[in-house]
Amino acid sequence: MNIFNTKKEIKSYLTAEKQKNKTIGFVPTMGALHKGHLSLIKEAKKKNDLVVVSIFVNPTQFNNTVDFVKYPKTIENDTKLLNNVLCDVLFLPSAEEIYTQNIVSDKFDFDGLEHQMEGKHRKGHFDGVATVVKTFFEIIDPDIAYFGQKDFQQLQIIKKMVQKHRLNTKIKGCPIFRENDGLAMSSRNTRLTETHRKAVPFIYKILEKVREQFNVNNTLEITEWVKDEFKKNTTLELEYFTIAEEKTLKSEKSKASDKKYRAFIAVFAGEIRLIDNLQLKNN
Ligand code: AMP
């Protein structure tokens with residue numbers, strides 16, 4: 001695996017590879033890699049001649065300094081995992097390399113997608129994400145970029161960015177990888193205390209029950225039920241729960257048979273904030 005730290009190095013390597021007509025699949029990550037990340041890389045390997053993975057803990061997408069500072073960093077293990085899955089290129093830039101002078105985001109308009117859910121609770125988060133993803137796309141110019149449905153709102157926002165800025169990269173959404181007990185894999189899971197780790201499978205259990213209720217009760221009743229369940233749980237704190245339409249990410253009171261819906265949730269386990277979502281079947 002080739003490892004590059006600078007834009008100049010990776011650009012000149014990839015330009016030469018593109019001249020040989022090689023296609024490029026790109027998987028942006030913040031490192032502390034787990035099976036969820038590896039599933040994206042494996043998917044990229046199937047469809048592209050070269051797979052580029054970036055590891056960059058992007059300062060501008062964190063609205064919480066403690067979360068940024070304590071974000072897990074396991075670069076040695078990450079490199080081993082990437083070699084095991086035959087990743088071709090690892091891009092490992094510094095913040096100065098990506099932002100050159102000021103570490104600030106550009107401002108984006110995503111037709112309102114950015115104002116829902118994570119956008120409400122993490123001010124500036126999606127401007128930070130879009131700034132870094134757009135910069136990476138300019139450096140790497142990938143044919144296909146892979147994003148997890150774990151961050152479903154992010155996936156929809158990146159698709160919108162590509163459409164609005166007329167970028168050439170195709171965006172592929174990949175399924176959520178879970179632990180055996182249902183917990184969605186996340187780099188932040190390693191920071192959970194033993195007590196919180198035991199408590200968090202509750203999040204997916206609630207989502208499964210929401211899926212069961214979706215054809216029986218209305219979204220308001222389901223939302224109230226979820227809030228009540230979390231009030232009874234003394235270990236976890238619900239930040240938000242909402243059932244939203246997949247394209248607009250807006251919550252709707254009534255269901256339309258031609259639309260797809262998902263349940264979205266954000267929960268605090270101590271100081272660790274976890275998000276998850278589940279597609280609902282609209283019979
Ligand atoms: P992160 O390193 O958390 O920024 O994630 C990098 C990419 O991996 C994003 O596209 C995430 O949506 C995706 N990802 C993270 N966790 C999972 C998971 N459990 N299953 C599938 N994809 C994931």
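One-based numbering, in listed order, for ligands and for the atoms of each. The structure displayed is predicted, hence computed values, not measured ones.
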among protein heavy atoms, the one nearest atom 7 (C) of ligand 1 is Pro28 O, 3.7 Å

Electrostatic pair Lys198-Glu194, nearest N-O below 4.0 angstrom: yes

Where is the nearest protein heavy atom to atom 10 (O) of ligand 1: which residue, which atom, and how far? Gly148 N, 2.9 Å

List the closest protein heavy-atom neighbour of atom 8 (O) of ligand 1: residue, atom name, distance to the nearest 0.1 Å. His37 CD2, 3.4 Å

Presence of salt bridge, Arg273 and Asp67, under 4.0 angstrom: no

Heavy atom of the protein closest to atom 20 (N) of ligand 1 (residue, atom name, distance): Phe177 N, 2.8 Å

for atom 15 (C) of ligand 1, nearest protein heavy atom and its distance come out as His34 CE1, 3.9 Å

At what distance is the nearest protein heavy atom to atom 21 (C) of ligand 1, and which residue and atom is it? Pro175 O, 3.3 Å

Under 4.0 Å from one or more heavy atoms of Met185, ligand 1 contributes atoms 16 (N), 17 (C), 18 (C), 19 (N)

What I want to find out is whether Lys47 reaches Asp143 closely enough, with some N-O distance under 4.0 Å, to be called a salt bridge. no

Return the option from Val53, Ile41, Asp151 holding the heavy atom at the smallest distance from atom 12 (O) of ligand 1. Asp151

Give the residue and atom name of whichever protein heavy atom lies nearest to atom 4 (O) of ligand 1, and the separation in Å to one decimal. Met30 CG, 3.6 Å

contact_flag Ala32 ligand 1 heavy-atom lt 4.0 Å: no

Lys/Arg-Asp/Glu bridge criterion (N-O < 4.0 Å) met for Lys134, Asp106: no

Asp276 side chain to Ile265 main-chain N or O, any donor-acceptor pair under 3.5 Å? no

Look at Glu208 together with Lys205 and state whether they make a salt bridge at an N to O cut-off of under 4.0 Å. no

Considering only protein heavy atoms, which is closest to atom 23 (C) of ligand 1, and at what distance to one decimal place? Lys150 CB, 4.0 Å

Short list, please: which atoms of ligand 1 are under 4.0 Å from a heavy atom of Leu40? 7 (C), 8 (O), 10 (O), 13 (C), 22 (N)

Using 30° and 60° as the class limits, which term best fits the ring planes of Phe152 and Phe264: parallel, tilted or perpendicular? tilted

For Ile176, take its heavy atoms, then give the atoms of ligand 1 lying under 4.0 Å from any of them. 20 (N), 21 (C)

Following the transitive rule for hydrophobic clusters with a side-chain heavy-atom cut-off under 4.5 Å over Ile, Leu, Val, Met, Phe, Trp and Tyr, establish whether Leu90 and Leu38 coincide in one cluster. yes

Quick note on ligand 1: atoms under 4.0 Å from a heavy atom of Phe147 include exactly 10 (O)

Can we say Lys247 and Asp111 salt-bridge, meaning some charged N sits less than 4.0 Å from an Asp/Glu carboxylate O? no

